[in-house]
Amino acid sequence: MKNLLYSIIVALVFIACTEKEPLSTTNLKTGFESIIPLPLEISEGEGLFPLSSNTYIKVGESIESNSNELLSNTLEKQFSFSLQTKKKRNSSTIVLDVISDESLGDEGYLIEINEKELKITANKDAGLFYGIQSLLQMLELQNIDTNVEQINIPAVVVKDMPRFQHRGSMLDVSRHFFSIDDVKDYIDWLARYKMNVLHLHLADDQGWRIEIKSWPKLTEIGGSLEVGGTPGGFFSQSDFKEIVNYATERHIMIIPEIDMPGHTNAALASYPELNCDGKAPELYTGTQVGFSTLCINKEITYQFIDDVVKEIAAISPSPYIHIGGDEAHVTSVSDYKKFIVKVESIVEQHGKTMVGWNDIAKTNINSKSVAQYWHPFPNEINMGEIDNPVIMSPAKRAYLDMKYDESTELGLQWASLIEVDHAYNWNPEDYLPELDPTQILGIEAPLWSETVTNQDEVEYLVFPRLPGYSEIGWTKQDNRNWENYRERLALQKTYFDNESINYYPSPLVSW
Ligand code: TNX
C-alpha cells in the first residue's frame, strides 16, 4: 500500500514536471496597439492562435521576396522552435500571400489571426514585409521567455497602411565616414520602423565618399580625410551596390546626394581645373559651411557633373539623384540660377529626377523636380511660390544632429534643441501653411555628422527620436498623440537593449 502510494506520488510529480504549460503572451489586448508606428486599424477577435514548432508556414506562389525566411529565421533566433514547411496533423498555420487588394495600396497589409490561422496578406511584397515587421515587433515587445514552447497569440485583425509614401532618414557620410556595416545597421533600424528611404549625403567640403572611375582623385585625394583630420574613406562602386542591394531587400530606396555648387571643397582640392582660378585649395577638416563653389562659367564643370551623374545613375536604381544646392553663399544669385537649371537637365538626361534642398526653389526648376525643405535660408525662401513635390525635413523639428537639451554633448543647436516630444509633436501637412498638402511626399530626418565620429554616437542622436519620425510618416495624424506614444516608446527599450543600442534615456519617457 505504502509502495503504491509512493508510486502514485512519483508519477504525479513526474507528470507535473514534464507537462509543458503553454505560456500566454501577454496581458495586453492584442499587443499590436503597442507597436511603433501605430497601425491604422486594430480589431480584437476571439480565441488564441498557438504558435509553436507545430506551426506550419504556407507561402503564396506569387511572393517574390524572401519574407518567409525573414519570419522563420527571426522566430528561430528569438525562440527555441522552428516553423514547419510541411503540414502535420493538428498544425496551426501561418499563411503569407500577395493578393490583389488595391485598398491596401503598395505598402499596406492585413493581418488576420484566429484559432487556426495567422494570415498576413498584402497587395505587394513591401506590404508583406511590413506585416511581418509588425508581427515580429509585437512578439518582441512581450519579452517572452526564449525557452517557451508555445506562444498563444490573441485573435485580431490589423489593417494597416502608411500616411506618406516617402518616409526616410539621411546619413551624412562626408563629414565623418561610416563603414558599410554601419550603414547596414542604419538600414536595419529604418526597416524595423517601416521607413523606406535612406538618403546618403556622399560629398561635401570635408570628403568625397563615392568612387567615380573617370575622376579617380575625387576619392584618392578628396576622400582621404574627414572632420578633425582623421583618415576618411569612401565607398567603391561595388560597396555602393552592396548597400543598395541590402536596402532593396528591405524595401528601402537609397537616394545618393552629391552636394553642389557649394559644399564642394573636397572635389575642388582634388582637381584644380574645377576652380575659377585653376588652383586647388587645401583639404578642409573644419565644420564651417558656405565657403566653396564649383566654377559656374567653365565648360569642364559640366563635363565633370555629367560624368559623376552618369556613373552614379548607372549604379543607383532610385529614380532620384539629389544635387544638394544648399548654402551656396559664395556663388552669385545669377550664377546659382544658371547652374541649377543646367544640372537639372544633366540629371534628366541620365533618366533621373532631381532633388535639391529648398534653396533650389529660387530657381526656375521643372515641375517634377523635388525640393527638400530644411530651413527658410537664405533670403527667406517662400515655398508657396513653387508647385513642386516637397520632402519635409524642417531643421527645427526633424534634424537628428540637434542636441536634445543644453546638456547634450554631441550635436549642434543652431536650429533648435530637439527633445523627444518636440521631435514627435508636429504635422508635416501644416508646418508650412503655404504648401498644398498634396505636394508633400513625406518626411526625412537628416543626421549631419560634424559632431558624430562613430556608430555609438550615431545611435545616441538617432535613438530614441527615429521611431517618432517613422510614426509621423506612417500613422494617420488623428491617431497620434504624445501621451500614448511616450508609453509605447518606453517599450522599445527591449529592442534597444537586445541590440545594445546606445540610446538617449530621455527623462520624458518612463524607461
Ligand atoms: C545645414 S541642412 C546644412 C548642413 C549642415 C547642417 C548642420 C543643409 C541643407 N545644410 O551642411 O551639416 O546644417 O546641422
Side-chain angles (χ1 to χ4, degrees), residues 168-178 197 199-209 226-228 232 255-268 284-294 320-331 336 340 343 354-363 365 369-381 383 390-404 408-418 422-423 431-432 443-453 457-458 460-462 465 469:
S169 182
M170 188 210 79
L171 177 64
D172 172 6
V173 295
S174 174
R175 272 52 178 274
H176 282 98
F177 184 64
F178 295 92
V197 172
H199 164 182
L200 286 176
H201 185 74
L202 291 166
D204 209 303
D205 291 317
Q206 296 86 344
W208 187 285
R209 309 296 182 202
E226 58 179 13
V227 165
I255 299 184
E257 177 188 352
I258 301 292
D259 206 342
M260 57 182 100
H263 290 277
T264 43
N265 191 77
L268 297 167
Y284 181 69
T285 58
T287 60
Q288 298 295 313
V289 296
F291 60 87
S292 57
T293 184
L294 291 169
Y320 300 117
I321 288 190
H322 201 305
I323 59 94
D326 57 313
E327 299 174 316
H329 302 326
V330 294
T331 319
Y336 182 80
I340 295 294
V343 172
M354 180 177 84
V355 189
W357 296 105
N358 59 217
D359 314 41
I360 66 167
K362 289 180 300 182
T363 67
I365 50 175
S369 292
V370 178
Q372 182 165 9
Y373 178 79
W374 65 284
H375 204 66
F377 281 163
N379 310 333
E380 294 300 313
I381 285 161
M383 294 292 282
V390 175
I391 298 164
M392 292 299 291
S393 304
K396 287 176 179 297
R397 294 284 185 165
Y399 267 27
L400 284 164
D401 65 318
M402 292 298 126
K403 292 176 186 289
Y404 293 99
T408 313
E409 281 178 23
L410 296 167
L412 304 172
Q413 77 176 83
W414 67 264
S416 181
L417 293 170
I418 307 187
H422 192 66
Y431 189 87
L432 290 179
I443 81 158
E444 248 184 52
L447 179 64
W448 300 98
S449 63
E450 285 96 331
T451 66
V452 282
T453 65
E457 296 176 351
V458 167
Y460 193 78
L461 290 178
V462 168
R465 287 182 288 204
Y469 296 126

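One is the number of the first residue; the rest follow in order along the sequence. Every number for a ligand or one of its atoms is a count from 1 in the order of the listing.
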Please tabulate, one line per pair, the protein nitrogen or oxygen atoms found under 3.5 angstrom from a nitrogen or oxygen of ligand 1, with distances to 0.1 Å, or say none if there are no such pairs.
unit_1   : atom_1 : unit_2 : atom_2 : d
ligand 1 : 10 (N) : D326   : OD2    : 2.9
ligand 1 : 10 (N) : E327   : OE1    : 3.2
ligand 1 : 11 (O) : R175   : NH2    : 3.0
ligand 1 : 11 (O) : E327   : OE1    : 3.3
ligand 1 : 12 (O) : R175   : NH1    : 2.8
ligand 1 : 12 (O) : E450   : OE1    : 3.3
ligand 1 : 12 (O) : E450   : OE2    : 2.6
ligand 1 : 14 (O) : D401   : OD2    : 2.6
ligand 1 : 14 (O) : W414   : NE1    : 2.8

For the atom pair OG (S449) and NE2 (H176), what is the distance rounded to the nearest 0.5 Å? 6.5 Å

Can a side-chain donor-acceptor contact be found between H263 and D326 if the only test is distance below 3.5 angstrom? yes

Output yes when a side-chain donor or acceptor of R175 lies under 3.5 Å from a complementary backbone atom of G286, and no otherwise. no

Under the criterion ring-ring contact (aromatic ring centres under 6.0 Å, His included), I'd like the reasoning laid out for W357 against H375: C-alpha separation, chi angles, the key distance, then a yes or no. CA-CA 9 Å; W357 296 105; H375 204 66; over 10 Å; no

Looking just at side-chain N and O atoms, do Q372 and H322 make a donor-acceptor pair shorter than 3.5 Å? yes

Applying salt bridge (Lys or Arg N to Asp or Glu O under 4.0 Å), can you list everything that pairs with R209, at least two apart in sequence or on another chain? none

